[in-house]
**Q** 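Pasting in a structure now, in structure tokens, and then I'll have a few things to ask.
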Amino acid sequence: MKPFQKGVQDMFDYEKNRSVIRRARIRIIVIGLLMGIVFVSFSGYLANQYVGQTEAQRLNNLKQTAQIARNSIEPILVQYRLKKISKDEAIEQVRNLVRTMVYEDHMGKNYVFMSAYDGTMLVQPFEPEKEMTNMLNLRDSNGVYIIRELIKTAESQNGSGYVSYHYKRPNQAAPEEKISFVMGIPELNCYIGTGKYMSDIRDTEQTYILSVTGLTFFLIFLLAFLVLSAMREVNRQNLMLQQENEALAEAEETLRKSEGKFRELFDSISDLVYTQDLEGRFLSINPAMAKLFNYDPQEFMGKKAADFMDPEMKSLFENQYLEGIKTKGHFEGISIYLNKEGREIFIEYRSKRVIPKEGPDYISGMGRDVTERILARRERKRLGDQLRQAHKMEAMGTLAGGIAHDFNNILAAIVGYSELALAKGKDGGGVTREIQEVLTSANRAKELITRILTFSRKVDPEMKPVALNLEIVQVGKMLERTIPRMVEIRLNLAENLHSVNADAVQLNQLLMNLGSNASDAMPEGGRLVFQTENMTLDRHAAQRLFNATPGKYVLLTVSDTGHGMDKATKEHIFDPFYTRKEVGQGTGLGLSVVYGIVKSHDGVIICDSKSGEGTTFKIYLPALDLPLKPETAVPVTPGSVVPGGDEVILLVDDEASLRDLGQEILSLYGYQVLLASSGEEALEIYRQQEVIDLVLLDVSMPGMGGGKCLTELLKINPGARVIISSGYSLDGPLKDIMSSGASGFVAKPFSISNLLSTIRQVLDP
């Protein structure tokens, strides 16, 4: 305690420290005056800023209120657009709704008004007596036609805006400046709006300015108090100076010990710690950074961070990182580096400029390895894009399948009546050729529908083991005869290629479509390459390919050196009817059919293309380990005339034209025909009729539908013979219907011979 007491006594020697105290007091007074000036200036600045912001905010509030009111009446407008209510009903409902729109602002309640474009006031909460009166000629004290200006703004190109005018408050004689925001409702030839008197806004601003002024004087008083307190504190601190000096030596010793502990912490921390000079050269790094880069710490010294980057990134280091440190004093972000083995490392870092009391400025920073996080984010985005593409193609397939099914019904009537006309000889020998042309066109339409159904996967492929290489060789020979000679065809086919379970006809169509498209992309010549290889996909690789099933695959790659595609085009290449060809040169179904074929074979197709760099399609098809069996040719015999009969047939179809066509065909060949337009009507007829030998039942009908009708028919008569008919193939739901007891199937559009032969097969088992 003696050294402490001696130090205190020495510090009480005011003569010795008088000059120090005097300088401290002068500094405190000067600082106090400067702070007072700053308070006053800053308060004035805040007041001016608030005035401008408050007025803008109040006006913006008017706009937001009008927008909210406009959104509130949108359901009524939707009803009007859908023609569920008349225009007068819509206007009346909107008026009733607007009358209820009351909102609280800083001055109390406010309302929304409504007027027609012809000047008729529809809603006026402040002056209800003026409702339904024409105020088109209403002028304010400055001669402004108020209602006309409001209408002009509501009918402007923007459909909304502010209007300034003078208007009297309720129960007040003198008009005041007022601003309203109006928003047009062109469908109803009217507009809505709300307004505010400018004096209300400015009264608030004046109140705020007075408050700021009072606060400023209070702060100045407080500052004076603090200055006096600070001067007293100087005296107290002066007395403690000696004690602090004595503690300095002890603090220096403590500092030396803490530096050792800091070095231990620096070496053991898991994050990256570094220092650099202002040119970016490393001055120090911690062991964690050396371990991450797999370099010795000494290999970093004197080198720039750009030396560990890809050459393309070096300019960013110089122009952004170092420039940001020098101008802003700090910089942060994520950079890509390369470790000693060349692997990419993503580092999230924060660097700042340090200005020491002695010595040159330097950069101090910390970083963290975020490589796994960045790569995981990229993978999630890639998988998300794949999932969205798969959902889009599935939805478009469903739509295309539905359209094709309906179109098949139309074609069924065209084909049936044409064949019926030929069979009955109604043309008299003069229009036979014309009817044949109709049938030819209808058959081409059937091929188009088959393509659409292939894209939508509504056509059941005939699957069997196929040697892909043999199919490619055959298609290659065909393409050599059909595409321009300037296009060179190369076949890089793997030996011992696995077979695939596929429909050979559809596979041939896939190869021809890809080859033809590639040829079109090389009008001046180029190279078309077909390549095959065996491939095994592990779980991770399969997941990246639209969550494919892991296992063995055959990879078919079709590439060309054509003009390629931009990103926007590539996103739509599998969409049905999408084409970049001129009108009449393509249907836009080629690649959509390819997509449908690949999906029906449980495969995956990926397109990689850039403008001017060609296009590559990669198709992954599940491989078979089974050896290929030699095919035996099935002899084709000429068709024979299908006999008719005299049985009773119940024809069920919701399409009237198909019912009439079926009745005429079946009656022509001797059958007795009963007609039903729905499943419910068919059941009623079946219960009442004593003898029905066969039911010809459409699957897709309103009401209970064909599937439910079949179930009920079999409940009535388990031995009932039922042929189902549909525009879809025997796949998906149709398989379930067939397995539930149907006796046969006929696809739409059907020919007369096909229909009659199917009937005889069921009636004469």
**Q** Quick one: closest heavy-atom pair of Phe745 and Ile723, and the distance?
**A**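 Scanning both residues completely, I find the closest heavy atoms to be N-CG2, 4.0 Å.
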**Q** Does the Arg659 side chain pair with the main chain of Asp653, one donor and one acceptor, at a distance under 3.5 Å?
**A**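 Side chain of Arg659 to backbone of Asp653, a donor-acceptor pair under 3.5 Å: yes, one is there.
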**Q** Show the nearest heavy-atom pair for residues Leu507 and Ala502, with the distance to one decimal.
**A**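 Shortest heavy-atom separation between Leu507 and Ala502 comes out as CD2-CB, 4.1 Å.
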**Q** Below 4.5 Å, heavy atoms only, C-beta onward: do Asp698 and Leu651 meet side chain to side chain?
**A**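 Not touching, per the 4.5 Å side-chain cut-off.
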**Q** Side chains of Ile692 and Asn717, heavy atoms from C-beta outward: is any pair under 4.5 Å?
**A**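 Ile692 vs Asn717: side chains apart.
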**Q** Side chain to side chain donor-acceptor pair (under 3.5 Å) with Glu495: which residues, sequence neighbours excluded?
**A**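 Checked Glu495 against side chain to side chain donor-acceptor pair (under 3.5 Å); zero matches.
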**Q** Could you tell me the separation between the CD1 atom of Ile759 and the CZ atom of Arg721, rounded to the nearest 0.5 Å?
**A**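 Between atom CD1 of Ile759 and atom CZ of Arg721 there are 12.0 Å.
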**Q** Side chains of Thr615 and Ser609: donor-acceptor distance under 3.5 Å anywhere?
**A**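 Indeed, the side chains of Thr615 and Ser609 share at least one donor-acceptor pair under 3.5 Å.
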**Q** How many angstroms lie between atom CD1 of Ile606 and atom CG of Leu555, to the nearest 0.5 angstrom?
**A**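 Rounded to the nearest 0.5 Å, the CD1-CG separation comes to 9.0 Å.
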**Q** Could I get the full list of side chain to side chain contact (heavy atoms under 4.5 Å, CB included) partners for Asn496, not counting sequence neighbours?
**A**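 With sequence neighbours excluded, Asn496 shows a side chain to side chain contact (heavy atoms under 4.5 Å, CB included) to no residue whatsoever.
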**Q** Checking Glu647 now: which residues fulfil side chain to side chain donor-acceptor pair (under 3.5 Å) with it, not counting sequence neighbours?
**A**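 With sequence neighbours excluded, Glu647 shows a side chain to side chain donor-acceptor pair (under 3.5 Å) to Arg760, given in chain and number order.
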**Q** Kindly indicate whether the side chain of Leu510, heavy atoms from C-beta on, has any atom under 4.5 Å from the side chain of Ile619.
**A**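 A side-chain contact under 4.5 Å exists here.
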**Q** With rounding to the nearest 0.5 angstrom, report the CZ to OG distance, Phe617 to Ser559.
**A**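 Interatomic distance, Phe617 CZ to Ser559 OG, rounded to 0.5 Å: 11.0 Å.
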**Q** When rounded to the nearest 0.5 angstrom, what is the spacing between CG in Leu763 and OH in Tyr671?
**A**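 Leu763 CG to Tyr671 OH: 6.0 Å, rounded to 0.5 Å.
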**Q** Let me confirm one number: the CG-OH distance from Leu537 to Tyr620, rounded to the nearest 0.5 Å.
**A**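 Leu537 atom CG to Tyr620 atom OH measures 6.5 Å (nearest 0.5 Å).
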**Q** Looking only at heavy atoms, what is the nearest atom pair of Leu479 and Ser516, with distance?
**A**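 Closest pair (atom of Leu479, atom of Ser516, distance): CD2-N, 4.4 Å.
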**Q** What distance separates Tyr595 OH from Cys607 SG, expressed to the nearest 0.5 Å?
**A**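 Separation between the atoms: 13.0 Å.
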**Q** Restricting to non-hydrogen atoms, name the atom on Ile76 and the atom on Ile85 that form the minimum distance, rounded to 0.1 Å.
**A**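 It is O-CD1, 3.8 Å.
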**Q** If you apply the rule side-chain contact (heavy atoms from CB on, under 4.5 Å), what do you find for Met701 with Val652, and how did you get there?
**A** CA-CA 9 Å; Met701 293 187 299; Val652 187; 3.8 Å; yes
**Q** Would you be so kind as to tabulate the donor-acceptor pairs closer than 3.5 Å made by side chains of residues 674-685, with sequence neighbours excluded?
**A**
unit_1, atom_1, unit_2, atom_2, d
Ser677, OG, Glu681, OE1, 2.8
Ser678, OG, Glu681, N, 3.2
Glu680, OE2, Met704, N, 3.1
Glu681, OE1, Ser677, N, 3.1
Glu684, OE2, Gln688, NE2, 2.7

**Q** When you compare the side chain of Tyr553 with that of Pro622, does any pair of heavy atoms fall below 4.5 Å?
**A**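 With C-beta onward as the side chain, the pair touches.
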**Q** Side-chain polar contacts of residues 466-478 - donor-acceptor pairs under 3.5 angstrom, sequence neighbours left out - could you list them?
**A**
unit_1, atom_1, unit_2, atom_2, d
Asn469, OD1, Thr532, OG1, 3.0
Asn469, ND2, Ala494, O, 2.9

**Q** A side-chain contact here means heavy atoms from C-beta on lying under 4.5 Å apart; do Leu528 and Ser519 qualify?
**A**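 Result no, sub-4.5 Å side-chain heavy-atom pair not found.
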**Q** Taking only residues two or more places apart in sequence or in another chain, which ones pass side chain to side chain contact (heavy atoms under 4.5 Å, CB included) with Ala623?
**A**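 Partners of Ala623 under the side chain to side chain contact (heavy atoms under 4.5 Å, CB included) test: His498, Lys552, Val554.
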**Q** In chain order, what residues pass the side chain to side chain contact (heavy atoms under 4.5 Å, CB included) check against Glu74, with sequence neighbours excluded?
**A**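 Counting only residues at least two positions away or on another chain, Glu74 forms a side chain to side chain contact (heavy atoms under 4.5 Å, CB included) with Arg70, Leu77, Val78, Arg81.
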**Q** Less than 4.5 Å apart, any side-chain heavy atom of Gln506 and any of His601?
**A**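 Yes. Closest side-chain heavy atoms under 4.5 Å.
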**Q** I'd like to check the side chain to side chain donor-acceptor pair (under 3.5 Å) partners of Glu480; sequence neighbours left out, ordered by chain and number.
**A**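 Glu480: no side chain to side chain donor-acceptor pair (under 3.5 Å) contacts found.
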**Q** Do Leu556 and Leu511 make a side-chain contact, defined as non-hydrogen atoms from C-beta onward lying under 4.5 Å apart?
**A**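 In short, these two side chains touch, coming nearer than 4.5 Å.
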**Q** Which residues satisfy the side chain to side chain donor-acceptor pair (under 3.5 Å) test with Glu488, sequence neighbours excluded?
**A**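 So Glu488 forms a side chain to side chain donor-acceptor pair (under 3.5 Å) with Arg490.
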**Q** Can Asn517 and Val594 be said to form a side-chain contact (heavy atoms from CB on, under 4.5 Å), step by step?
**A** CA-CA 11 Å; Asn517 277 0; Val594 169; over 6 Å; no
**Q** Identify the heavy atoms of Lys618 and Thr557 that sit nearest to each other, and give their distance.
**A**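 Nearest pair, atom of Lys618 first, then Thr557: NZ-OG1, 3.8 Å.
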**Q** Can you list every pair that meets salt bridge (charged side-chain N to carboxylate O under 4.0 Å, His left out) and has a residue in residues 709-718, with sequence neighbours left out?
**A**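 Output for this query lists Lys708-Glu712, Glu712-Lys715.
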**Q** Applying side chain to side chain contact (heavy atoms under 4.5 Å, CB included), name anything that partners Ala742, two or more places apart in sequence or on another chain.
**A**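 Ala742 satisfies side chain to side chain contact (heavy atoms under 4.5 Å, CB included) with Leu710, Ile724, Met738 only.
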**Q** Give a yes or no answer on whether the side chain of Ser667 reaches the backbone of Glu664 with a donor-acceptor pair at less than 3.5 Å.
**A**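 No, the answer is negative, given that no donor and acceptor are paired below the 3.5 Å cut-off.
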**Q** Can you tell if the side chain of Leu755 reaches within under 4.5 Å of the side chain of Tyr669, non-hydrogen atoms only?
**A**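 Leu755 does not reach Tyr669 side chain to side chain.
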